[in-house]
Protein chains: 2
Amino acid sequence: MAENMKISLGLDFGTESVRALLVDLEGKELGNAVANYSHGQITETLPGTGEVLPADFAFQHPNDWIESSAEAVREAVSSSGINVADIIGIGVDFTSCTMLPALKDGTPLCMTDDLAGEKFAWPKLWKHHGAISQTDKINRIATERNEDWLSRYGGIIGLEWFFPKILETLEEAPHVYEKTEVWLEAGDWYVWQLVEAEAEALPRSTCQAGYKAMWNSQTGFPSPEFFEALHPDMKNVIKDKMPGRLVPPGESAGQLNSAMAEKFGIPSGIPVRASLIDAHSGVPGVGASEAGTFVMVMGTSSCHMLNSNSEESVPGVAGVVKDGILPGFYGYETGQAAVGDAFDWLRKLLSQDDYREMMEKAEKLSPGADGVLCMDWFNGCRTPLMDGSLKGGFIGLSLNHGNHHLYRSLMEASAFGVRWIVDILRDNGVPVDKFVATGGLPHHNPLVVQIYADVLGLPVYVHPSKQGPALGAAILGALAAGSEATGFSSVSDAVDKMAGERENVPERTSKVVNPDLEATREYEKIYKKYRQLADVLQKFDK
Amino acid sequence: MAENMKISLGLDFGTESVRALLVDLEGKELGNAVANYSHGQITETLPGTGEVLPADFAFQHPNDWIESSAEAVREAVSSSGINVADIIGIGVDFTSCTMLPALKDGTPLCMTDDLAGEKFAWPKLWKHHGAISQTDKINRIATERNEDWLSRYGGIIGLEWFFPKILETLEEAPHVYEKTEVWLEAGDWYVWQLVEAEAEALPRSTCQAGYKAMWNSQTGFPSPEFFEALHPDMKNVIKDKMPGRLVPPGESAGQLNSAMAEKFGIPSGIPVRASLIDAHSGVPGVGASEAGTFVMVMGTSSCHMLNSNSEESVPGVAGVVKDGILPGFYGYETGQAAVGDAFDWLRKLLSQDDYREMMEKAEKLSPGADGVLCMDWFNGCRTPLMDGSLKGGFIGLSLNHGNHHLYRSLMEASAFGVRWIVDILRDNGVPVDKFVATGGLPHHNPLVVQIYADVLGLPVYVHPSKQGPALGAAILGALAAGSEATGFSSVSDAVDKMAGERENVPERTSKVVNPDLEATREYEKIYKKYRQLADVLQKFDK
C-alpha cells in the first residue's frame, strides 16, 4: 500500500441494495461490496401493522439506508485492506425521486411513535405510483397558469416526482402533511445524516431539485401562488417545510460526523458531496464528459443521460438542467420506467426460474418475434409521454407462440422505446452521436444490447464498469476533497483520469456491439408498428 | 337385458379422439368409450418423410379414423355387455371442414405410394390455416361477381372451409389436384367406408355441404363460371371431382358393410346415417329442438348452434342452412376459433402443469381482471369477422399482474366473443332466448360458465351430458332405422324421447348457472372496451 495513496468512497443507493466502492485517483478499484436492504421494496404490507398496501404503492425503510450502507462500507474496507486514513472524500448517488417527510431533527416521520402505523408517513420509493390524480392536477394547473418552468420538463411533469408525492399526502393524509417539518429527497436525507447540520442548513442537491422538484438556479422553486392554486395549505410549502441550502455539483456538503464515521469504521471529518441522482452519476462513471453521448443506465428501470451544448425544448423529456449532470453542459434526462423490472416480471409471469431457456430460443428468432409486438409500458411511460398510468401489452399472439416470443418482443419493445426517445431529441435539435450502455443489465443480457444496436442502427458501447454510478459517485466524492488534495484541474479532468477509456486497461475499454444492418432495416418497419400501437394504446387507456 | 331392446350407436369424431356411445331409445347410456388417434393432430412434421410443416398447417391420418373408431366401438360394446344384434342404427358426427383428396375407390391420396410424401395429399384438419390468400381470393371474386349464395354466409366465407382448402392445393401442388378423383369431407369419406358405395353414389351430408361448401338445396354448389374465375383448372371441380349424392338429414346413407362390421365386432347391414358436423350434432344431443335456444358446444374451439324460424342475412355468420341442424328450422352456425385450445395454450405458455393455482386466484378477481383485457383471436376470428389471420393479445398489463390475471381475462374475452355473436344475431332479427352449454369445457371449468352467464346477463344451462354430439349422433342413428323400428313420430319426438330434459333423471337435468347482475353491469362497460380493442386490432393487423 503506497504511503500517500488517496482514496475516494462512492456510495450508490439502488432500489434493492447499496454498493460501496473504494477507488484511487486513477480510478482503480480497491474495494467493492453490496448490501441488500433488509426490507427491500415495501410493496405488499406496511411493516409493523401488516396493512395491505394499494397495488401502486412502494415504500422503503430509512433504517435500511443507514444500516446497509454501513455494512457495505465495512465490507469494502475490510476486503480491500486499505488504510482508512487514506479516504479523502465521499460521494453519494441515490434513486430519485425517493422522498420522505421528516422532523427538523432529521427523524423520519415513519420512525415517530404516533405515525409509524400511518402509511403516508413512510418514504415513497421513486416507483411509488399513488399520485396519479395529483400529477394530473399539477400538470393541468401549471398549463393553465402557463408556468415558465414547464417547458424545461417537456411540457409535462411526472407521476414519480417530488411535488406530486407531497400533494398526494396532503390530500390523502392531511395530518401527516401537517406534522411534516421537512420534506426532502432520500439522497438529501442520507447526506444530512452523514454530515449533521441544522435543518436550516441541510444540504439539498441541485441535481435532484432540478430534475424532480422543478427548481432552477435562476428562478428557484415554483411560486407560492402556484402551490396555493394546487391546494391552499400548500402555499408556503417551500418556506415552511423545505428548509436547507441548495448545493451545486463540485461543492462540499459538509464533513462526515462522528456517529456515522463510527458506524462505517472510518475517520470522521472526511468531506462529503451532495447526493446525485443514481443515473446521472453513471455519466462520469463511464468516463463520458462530452456532448452528444447518450448514456443508458440500464437496470430495474433505465435512465438515459445526455450532455448537450444548448437548451432546447423537447416534448416529454424528463428534465433539462443546466450543470445538472456535469458542470458546463445542459444535462438532459430521459427514461424508461420498466426495463430489468419488466424482464423479471415477465420471467416470473411465465414461471421460469431463470432466463436461460427463453434466451436460447429468443436468440434464434428473427427481428419481429414472429409477429408478436410488445408495448413496454408495464410501469407506465416515462419519456416521451410522462404518463405513469399507461399500461403495457402484447399483441399479434397466436397459438403457435411460446414464451420466448414474448421475451424477445419485450426486448425489442425496450429498444423501440430508446429509439423513440432518440428520435424526439434529434427532431428537436439535440444531437445524439454515440450510445454507451451501463448498469447490470447489458452485462447479463448480450442479446438485448444487440437488439438495441440493431434498432438504433449504431454501435452500442458497453462500458465494462458494472458499477458506473458508484464510480461516478466516487469521482464526485474525490472532487469534494478539493483540487489541492486531488490535483485535478477540472471536473472533465477528474472524469477522464478516473474513468476515461484506456486502450490497455480492460476495465476501461468498452465492448463495441455493432448493428446488423439487415436487422436494422427490418426493425425500421416494426418500429413504425410499435409507434402505431403506442398511439392506439394511449387513446385506448383513457 | 330386455329381449327386444333397441340400441343406437353414435360415433363422435373430435380433433384428438373418437367417442363411441351406445344408447337405448330412451336415451339411456349403455356403453361409452373413447380412443385417441395415434397420430393426433399432425402439425409439426409429415409422417414418413419428417418434413417440417409450416406453422399454420394441420393434418390428420385417415387410418386413425378407422382404427380408433373400431377400438372405441369394441370397447363400448364389451364394457356394456349388450347384445350387438340389438343395434338398429349408426349415426356419425365429425369435425368439419376436415377434408381430403381421394381416388374413386376410396383410397386417400396420402395412402398411395407416389403421393404419401407430398404434404398436400394429406387430409387437412378443420383448423388447417394454409389457405389465407385463397380465402381472400374467393371472397373477392364472389363479391365482385355478386354471388347469390354469399349472403347466406354473412357476406364472407371462411379460411377453414372446403373450397379454400381445395384451391390452396390446386395453387400450391397442382399435381395433387390433378391426381385427385374425389374431393370430400372426412365425415363423408368415413361414412363412405362404412357403407361401401360406388364413388358416383357416395353419400355426402347436406349439413357439411350446406355449411362448408356453399351448397344449397335449391341452387346446388356454386357455378362452374364462379370456379373458373377462381382458377381455370377448377371450372369443373363439381362435375369431375365431386361425385356422389347429397343425403338430407333423416335419410339413410346405406348399410354397414361386412369389412367394417368385422372390425367393429357388430353385425353388418345396420342402417348408417350421413355424417353431421360435430357441433351441429350437439343440438339434438342436449335435447334442444326449439327455435331460439343458443347451444354452445365448447371444446378446443366453440361452435354455437341456433335453430330459428326465419332466414335472415346476418353479417359474419358462418352459415344459415335450411334443415341444416334439424328438419323444419333454419340452422344458424356461428363459432369461436380458439376456446379450450387457447386456455391450454395459455396454460403451457405460463408453464403451469394444471389450471388449479391460476383458477383459484382468478376466481377471486373482480370482473375486468384488474384492468387486463384480452382479445381471444389466438386462432383468428370466426364469427363475426371470419378472418383466420387475425391475432390475439393482452393489454392493460402492469408489473402488478400475475398469470391468473391473464387467465381470467382470457375467459372474459371468450365470453365477450359470445356476447358479440348474440348481439349480431339479435340486431339482425334472429331471436336468442336461452343459452345451453355443452362439451367438455363447461364441466371442467365452472368459472368460465359463470363468467359467460354474467357477461350474457342470462342463465346458462349446462347440459349434464358430457357427450352431447355423440348422443346427437346416436339419435340420428336411430332415425336412420326408420319410424317403424323406433316408433318415433318425428325428429322432435326422437330428440325429446332420447335427450329431452327430465326432472327426475339427473343426467337429463341441466345445471342452471344464474348471472350475478352486479357483475353483468360491470361487464357491460368492459365489453365496450373489448369491442373497441377489436376495432383497433382489426385495423392494426392489416
Side-chain angles (χ1 to χ4, degrees), chain A residues 43-44 53-58 127 129 300-301 337-338 341-353 357-358 370-380 388-406 409-410 529 532-533 535-537 539-541, chain B residues 43-44 54-58 127 129 300-301 337-338 341-353 357-358 370-380 388-406 409-410 529 532-533 535-537 539-542:
Chain A
T43 57
E44 310 265 323
L53 296 174
D56 44 7
F57 276 41
K127 66 193 275 196
H129 277 189
T300 309
S301 64
D341 237 12
F343 292 175
D344 216 45
W345 164 78
L346 184 66
R347 180 184 61 71
K348 285 178 193 153
L349 185 79
L350 300 169
S351 288
Q352 298 296 303
D353 290 332
E357 207 183 305
M358 292 197 296
D370 290 344
V372 180
L373 185 62
C374 170
M375 182 46 59
D376 52 324
W377 294 339
F378 299 104
N379 196 20
S389 72
L390 288 169
K391 298 285 188 286
F394 295 92
I395 68 163
L397 284 168
S398 80
L399 301 181
N400 299 315
H401 292 121
N403 56 21
H404 55 299
H405 291 96
L406 298 189
S409 73
L410 172 58
K529 286 204 167 199
Q532 194 188 340
L533 182 59
D535 284 349
V536 153
L537 291 185
K539 281 170 213 145
F540 196 87
D541 279 329
Chain B
T43 57
E44 309 265 325
D56 44 6
F57 275 41
K127 67 192 274 195
H129 277 189
T300 310
S301 63
D341 238 12
F343 293 174
D344 217 43
W345 164 78
L346 184 65
R347 181 183 61 72
K348 285 178 191 151
L349 185 79
L350 300 169
S351 288
Q352 298 296 302
D353 291 331
E357 207 183 305
M358 291 198 295
D370 289 345
V372 180
L373 184 63
C374 169
M375 181 46 59
D376 52 324
W377 294 339
F378 300 103
N379 196 20
S389 71
L390 289 170
K391 298 285 188 285
F394 295 91
I395 68 163
L397 284 169
S398 80
L399 301 181
N400 299 315
H401 291 122
N403 56 20
H404 56 298
H405 291 96
L406 298 188
S409 74
L410 173 57
K529 285 203 166 198
Q532 195 188 342
L533 182 60
D535 284 349
V536 155
L537 291 184
K539 281 169 213 146
F540 196 88
D541 281 327
K542 293 299 157 190

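Proteins get letters first, then strands, A, B, ... in listed order; numbering begins at 1 in each.
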Scored by heavy-atom pairs under 4.5 Å with chain A, the best of B/G402, B/S351, B/G393 is B/S351

Heavy-atom cut-off 4.5 Å, strictly under: side chain, backbone, both or neither for A/A338 against chain B? side chain

Does B/D344 have any salt bridge (Lys or Arg N to Asp or Glu O under 4.0 Å) partners at least two apart in sequence or in another chain, and if so, which? B/R347, B/K348

So which residue, B/L346, B/N400, B/V372, B/T43, ends up with the most heavy-atom pairs under 4.5 Å with chain A? B/N400

A side-chain contact here means heavy atoms from C-beta on lying under 4.5 Å apart; do B/N379 and B/H129 qualify? yes

If you count the non-hydrogen atoms of other residues, nucleotides and ligands that lie under 6.0 Å from CD in B/E357, is the total more than 12? no

Does the separation of the ring centres of B/F378 and A/F394 fall below 6.0 angstrom? no

Contacts of A/D370 that satisfy salt bridge (Lys or Arg N to Asp or Glu O under 4.0 Å) - sequence neighbours left out: none

What part of A/L406 lies closer than 4.5 angstrom to a heavy atom of chain B: side chain, backbone, both or neither? side chain

If we define contacts as heavy-atom pairs under 4.5 Å, which of A/N403, A/L399, A/L533 has the most with chain B? A/L399

